[in-house]
**Q** 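Quick one: this structure, given as structure tokens, is what I'll be asking you about.
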Amino acid sequence: MVKVNKIKDNIYQIRVIDKENKNFHGCIFPVIDGSSYAFYLIMDEQVTLVDTIDDIYYDEVLPEIDKLLNGRKIDNVIVNHVEPDHEGSFALVMKDNPQANVYTSKAGIKAMQEQFFKEYNYNVVGYGDSLNIGKYNLLFMETPLVHWPDNMWTYLQEEKILFSNDAFGQLLVDDVVYDEELDKDKLLKYSREYYANIVMPNNKNVKALLTKFANVNWDIELICPAHGIMLKGYIKDMLAQYQSFANNTIIDNKALVVYESIWGNTKLMAQSIVDELVSKGYEVKSYQLSKSRISEIMDEMMDTKLLVLGSSNHNNCILPPVADFLERVKATHFENRNGIVFGSYGWAKIPFNDLKERLAAAKFNILTEPIIVNYTPHQEEEKTIKDEIAQVI
Ligand code: FEO
């Protein structure tokens, strides 16, 4: 469904709400409600498009763009980010508007040349540059590696609007136009899961960006992200939440017990571990990977101090869902976290050191040797598991 929202007399948001698309950002992040993608059109003396959209939606959005253009051509295309969900239809836009000037970061041009194999009227912009399009002036700021090297923001000075692309997005899929129409906690919760999966791997850069942003003196009344809902009433709350994430705020007594279990024995071990952690005052959440949504687990990982990770032995290897989870953990670059590994085996204990080493390679401080049980944990072994946990937490 395409929705055009008029922001000002001559500024429009064009947003696709795709409730069937339950894999956000390509195939990586399973989401509950579907996906949303937005870009913006400024009808000034020079018609300026701020980003485009995934080409799978281009046929849907083109009639809406044409209606707004009403016979005019696009003079400028601002490319805040070259990932295909935003610039997938760039070449199609340029086919109809070959004379248009393209404004993007230095890293953006390089990435576009590698994707579109054609020279356009590229212009490098960055902090300190501005573009007059008639009544309005656009200012730029590179936001490198939040979350790709090419990311930048565009600021419409006269209307105090920040076009932030991926930054400040949320996984919200809702017909409302502005944040104030929603419960604040709900919006921030959807922003958090988005951050955990999209931005957290580059958390250090967010801290630097927020420091820089605090000094640029851009007064902001509206944030227009490329995903989710536009921010008007909860801007301060969103910035405070980003600052908290960037500060790597961790809850010392929060633990996640994440595991996969083939025949239920590792699951029994997980339950003993949860019971012990709860009895010691931990706030604990437990997830069996095959029955859980990985994006939600990554969200919970954001402020978790202790990860207890379990796998059964599967042909002398850890189970594939555990390996997948470990790759995500490694890519997220968590800091100051503790880890314990556990699992049940049948006739060989082989994979548990591998599990421990992989978690250590993800920079977790491993608190103890793997806690392992042969086949089903009996009563005495359950007590041993609890004792081993109690000794190291
Ligand atoms: Fe929504 Fe990095 O693309």
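All figures in this text were calculated on a predicted structure; none of them were measured in a lab. Every number for a ligand or one of its atoms is a count from 1 in the order of the listing.
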**Q** Would you mind naming the N, O or S atom of E83 nearest to atom 2 (Fe) of ligand 1?
**A** OE1
**Q** Measuring centre to centre across the rings, with the benzene-like ring taken for any Trp, is F213 within less than 6.0 Å of W153?
**A** yes
**Q** Using 2.8 Å as the threshold, say whether any N, O or S atom from D85 sits that close to atom 2 (Fe) of ligand 1.
**A** no
**Q** Would you mind checking if K106 and E142 are paired as a salt bridge, meaning a charged N to carboxylate O distance below 4.0 Å?
**A** no
**Q** Are the side chains of L307 and F364 in touch, meaning some heavy atoms are under 4.5 Å apart?
**A** yes
**Q** Taking both backbone and side-chain atoms into account, decide whether H86 has an N/O/S atom under 2.8 Å from atom 2 (Fe) of ligand 1.
**A** no
**Q** Among the N/O/S atoms of H81, which is closest to atom 2 (Fe) of ligand 1? Give the atom name.
**A** NE2
**Q** Looking only at N, O or S atoms, which one in H147 sits nearest to atom 2 (Fe) of ligand 1?
**A** NE2
**Q** So, are D185 and K189 salt-bridged, with charged N and O less than 4.0 Å apart?
**A** no
**Q** Within the 3.5 Å criterion, strictly below it, is a donor on E180 or Y234 matched to an acceptor on the partner's side chain?
**A** no
**Q** So, D219 and K160, do they make that salt bridge, N to O below 4.0 Å?
**A** yes
**Q** Can you tell me the N, O or S atom of D166 that's nearest atom 1 (Fe) of ligand 1?
**A** OD1
**Q** N/O/S of H25 less than 2.8 Å from atom 2 (Fe) of ligand 1?
**A** no
